[in-house]
Amino acid sequence: ADMADAVDFYVSEGGAEAARELVLEVRRLAGVLTAWPRLGRDVGQGVRIISARRVPYDLVYRADRDEVGI
């Protein structure tokens with residue numbers, strides 16, 4: 001739901017290309033976290049944060065042994 005809201009905001013404020021860049025960056029980070037789930041900053045209680053490079057967003061996630069939940 002958060003991603004859909006962000007995409008809608010990007011479309012309305014920056015256009016379809018800006019929204020596309022957001023989606024691509026989140027997908028890129030998801031791939032990075034799949035390979036290196038402990039890469040982000042630990043903020044406690046199993047929650048980690050990683051900052052996006054191409055858009056002003058942070059991804060909040062949990063990394064368990066078998067999955068990464070964003």
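Heads up: numbering here begins at 1 and tracks the sequence.
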Fill in the blank from the handout: Residues P37 and V68: closest non-hydrogen pair is CB-CG2, 3.9 Å

Exercise for the section: Check the hydrophobic clustering (I, L, V, M, F, W, Y; side-chain heavy atoms under 4.5 Å; chains of links allowed) and say if M3 and I49 are grouped together. Expected result: no

Exercise for the section: Could you state whether V47 and I70 fall into the same hydrophobic cluster, counting links through intermediate Ile, Leu, Val, Met, Phe, Trp or Tyr residues with side-chain heavy atoms under 4.5 angstrom apart? Expected result: no

Completion exercise
Smallest heavy-atom separation, Y61 atom then G40 atom, equals OH-N, 2.9 Å

Completion exercise
One should read off an interatomic distance between L33 CG and R38 CZ, to the nearest 0.5 angstrom, of 11.5 Å

Practice task
Answer yes or no: are there more than 12 heavy-atom neighbours, outside D2 itself, under 6.0 Å from its atom CG?
Solution key: no

Practice task
Say whether V60 and F9 are linked into one hydrophobic cluster, either directly or through other cluster members, by side-chain heavy-atom distances under 4.5 angstrom.
Solution key: no

Practice task
Determine whether I50 and R41 make a side-chain contact, defined as any pair of heavy atoms from C-beta on separated by less than 4.5 Å.
Solution key: no

Would you list the atom pairs, donor with acceptor, under 3.5 Å between side chains in residues 19-28 and any protein atom, with sequence neighbours excluded?
unit_1 : atom_1 : unit_2 : atom_2 : d
E25    : OE1    : R28    : NE     : 2.9
E25    : OE1    : R54    : NE     : 3.0
E25    : OE1    : R54    : NH2    : 3.3
E25    : OE2    : R28    : NH2    : 3.0
E25    : OE2    : R53    : N      : 2.7
E25    : OE2    : R54    : N      : 3.4

Practice task
May I ask you to decide if L39's main-chain N or O and R48's side chain share a donor-acceptor pair within less than 3.5 Å?
Solution key: no

